[in-house]
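Please read these numbers as outputs of a predicted model, since none were measured by experiment.
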Amino acid sequence: MARLARLIFLLVLGLWPVQALAQPANASGPQRTERIEAELVPMSAWAAPGSTAVVAVKQTIKPGWHTYWRNPGDSGGATALTWTLPQGVRAGDIVWAIPERQRLSGLMNYGYSGEVWLPVPIEVPATARAGTVLPLTVEASFFVCSAEMCVPEDLTLRLDLPIREGAAPLDRRHGAAITAVLENAPRPAGIEAQIAAENGALILAAVGGPLAGRDPGPSYFFPFEKGIIDHAAVQTGAWGPQGLTLTLRPGGDVRAAGLAGPVEGVLVTAHGAWEIRAEPGAAPAGASGSGALAAAAEGAPPPEAAGASNLAGFAQALLFAVLGGLILNLMPCVFPILAMKAASLAASAHDARHARRDGLAFLAGVLTTFVLLAGALLALRAAGEAVGWGFQLQSPPVTAGLALLMLAVALNLSGVFHVGGGLQGAGSGPLARLPGGLGAFFTGALAVIVAAPCTAPFMAFALGAALVMPWPMALLVFLGLGFGLALPFVAVSLTPGLLTRLPRPGPWMERLKGLLAFPMYATALWLAWVFSRQTGAEALGLLFVAGLLLALGVWLIGGGQTERGFGRRGVFHLTAGVAALLLAGAALILAARVPAAETGAVVSEPGAGPASAPWSATAVAAAQAEGRPVLVNFTADWCVTCKINERTSLTSPVVRAAMERANAVYLVGDWTRRDDAITAELQRHGRSGVPLYLLYQPGSSEPRVLPQLLTEGVVVEALKDVGP
């Protein structure tokens, strides 16, 4: 007996280290087995009392192995989570990403490989105290399988979630990845679906919502339950003007007992994935008749669900970026810069060598600045910051600095001072352009910075796709946008035949230069107005002081340049001018440090456009609960395209009357200053900047996206479609 007790003791002692390695006492951080590493990670840096936080079980699966979706298919088992939570804290269901289709011999499984995030909403009670942490513990049970074997793995994962007041930024390590899963996760979209058994097959027909009006491309249906379909069978079908039809082979349960009720699952197309509930019944009209569906490839999800990272999606985004850059030249934010550059092109029109140099330098300035802006944008997003295109103009110091820069450029064009000045011969006057290739380079850089308020047609898709692509592809898309912006100027500068048609340099150039100063003054005033909207009257007053001192400083420096032109030293003018510029810089710093004024509710002027209210997801849900359509305008004061659309197409009495007839609610999301909630909503619709116009139909959770360039007729017709 003593020998048996000793043997048992030695066995326990020998197994204890193995158990300790498999299940550490503190399960915080990554936990590993031979086949999988798992970790409980947060989407946001902290959670506020009374909010819903999101955490995720992150899986890093060894190559050649996989885990499973909620319906594992023909073998395996879904990942299961068992939570241990503090009192009052509740965990929701897993938000499942679109699975891969994994064929093993004659079987078909639905699962995941590589890195996977399974987000879970966590309800934090209002009684949680700021400054504390919530200990979250979950027992994660995985089936980790390869082509040869399947191993159940159980890991205990722990996360201490900090509690603080206020909105939290995204977690720097995992926030962007979890956000992408949530944005791409299937959700209902107002699709009507029917399913029926015909001639030994199941006919699934779906119409309406995002399926209407386009070829859905390769499509596939993932049922939530086993036994409904034969997972390994090929799904064929057709599409029509309102949707699609899929022919499915019945599974064992349906073959044995027939359809017992509705069938729920995920419908994946080339344009997105949506949850559907197919009721038993005949196919609705419009689900076929336009052509056959292409077969869905096995393996990874389709292009849009996978973040548009394949070559076809990349090529389309690159093409749209070049087209968007070309159209950007016509937008009002870019015109003043290009007008200034046109003056320099006219000056070198009859010197082909200088014209080529200026054109290529302008292109280099545009591309360099696009790369720098894109790199900063991608780096901030990778670090968990919620930013989008035009993010630099959401910063009051940047807006104020640009306003003074535009004022300085305008004063230069007005002849107050000369960059690279000097008198160019008797009676010729100052040269009507920035100095040489360096001036062309910085003009290109300035064009990109000021172009940020505009989002031209085609840019929205290109930028939205770029922000979910791998960074080398994303940078190439941004370079395509810059190439399109610079292309007209470069093409003219490299075409001697076009250059010779321009008048020869002469006194007319001085008059042109003076005239082109006024668009720059207008740009400076506009930026000052944007700055006032971001800050307030006190900060605007200090910016005006900075502008006055800047004008005085460059006027004194210009006087010193004239003095030197007559052989005098001009030391007093130069010294006084530099002192005035330093004082201008101090006033600018003070203006930028004034606390921002609180913004009130967004309202429209009486008798003008429709009455409006600030956008929020809650406001949209409340209006839809009343059965009312919702028109959402995501805008910013620095977005010139937005302001033109609002003046011409959103605030007219005709639109107001159409809104009243439709009983619609008008919500405005103001992105002038940084707002992470608006940034997230833009990203959810594949956009990185404003404008974005959404029209929600009663009873539909997914909105219709209106064009970026609106007309009064487009808005009125759209409201007719959703009205009573």
Side-chain angles (χ1 to χ4, degrees), residues 69-74 96 98-103 106-110 184-255 258-306 702:
W69 187 55
R70 58 184 296 176
N71 172 5
D74 289 327
W96 297 91
I98 303 169
E100 302 171 3
R101 289 190 291 141
Q102 303 158 335
R103 187 176 292 277
L107 304 179
M108 176 68 76
N109 292 332
Y110 301 148
N184 291 320
R187 54 179 56 86
I191 295 173
E192 177 190 352
Q194 304 286 338
I195 190 167
E198 295 181 8
N199 301 321
L202 289 178
I203 307 300
L204 173 69
V207 297
L211 297 177
R214 58 179 174 178
D215 180 356
S219 303
Y220 193 88
F221 177 65
F222 293 91
F224 286 157
E225 302 294 335
K226 288 185 174 185
I228 304 296
I229 69 170
D230 182 343
H231 303 110
V234 175
Q235 297 184 8
T236 60
W239 66 283
Q242 295 301 316
L244 60 83
T245 300
L246 285 173
T247 302
L248 315 172
R249 184 184 298 171
D253 292 350
V254 172
R255 289 197 302 271
L259 278 174
V263 174
E264 295 181 313
V266 171
L267 178 63
V268 180
T269 75
H271 306 296
W274 303 279
E275 290 186 6
I276 64 171
R277 176 186 174 92
E279 300 286 347
S288 60
S290 298
L293 287 174
E298 295 177 5
E304 184 162 322
E702 288 301 316

Under 3.5 Å, side-chain donor or acceptor atoms of residues 282-289 against the rest of the protein: list the pairs with distances, not counting sequence neighbours.
none

Hey, could you give me the [atom1]/[atom2] distance between [X] and [Y], rounded to the nearest 0.5 Å?
X: R103; Y: N109; atom1: CZ; atom2: CG; result: 10.5 Å
X: I229; Y: F222; atom1: CD1; atom2: CZ; result: 9.0 Å
X: Q102; Y: Y110; atom1: CD; atom2: OH; result: 11.0 Å
X: S219; Y: L244; atom1: OG; atom2: CG; result: 5.0 Å
X: W96; Y: N71; atom1: CH2; atom2: CG; result: 10.0 Å
X: W239; Y: T269; atom1: CH2; atom2: OG1; result: 12.0 Å

Which side-chain N or O atoms in residues 196-215 pair as donor and acceptor under 3.5 Å with protein atoms at least two apart or in another chain?
from	atom 1	to	atom 2	distance (Å)
R214	NE	P210	O	3.3
R214	NH2	P210	O	3.4
D215	OD1	G217	N	2.9

> Going by the salt bridge (charged side-chain N to carboxylate O under 4.0 Å, His left out) test, which pairs reach into residues 262-288, not counting sequence neighbours?
Replying inline: E264-R277, R277-E279
> So which heavy atom on P72 is nearest to which on K226, and how close?
Replying inline: CG-CE, 3.5 Å
> Which pair of heavy atoms, one from I228 and one from P223, lies closest together, and at what distance?
Replying inline: CB-CB, 4.4 Å
> Relative to the ring of F224, is the ring of W69 parallel (under 30°), tilted (30 to 60°) or perpendicular (over 60°)?
Replying inline: tilted
> Under 4.5 Å between any side-chain heavy atoms of N184 and I98, yes or no?
Replying inline: no
>> Suppose the criterion is side-chain hydrogen bond (donor to acceptor under 3.5 Å, both in side chains): which pairs have a residue in residues 245-254, not counting sequence neighbours?
In response: D230-R249
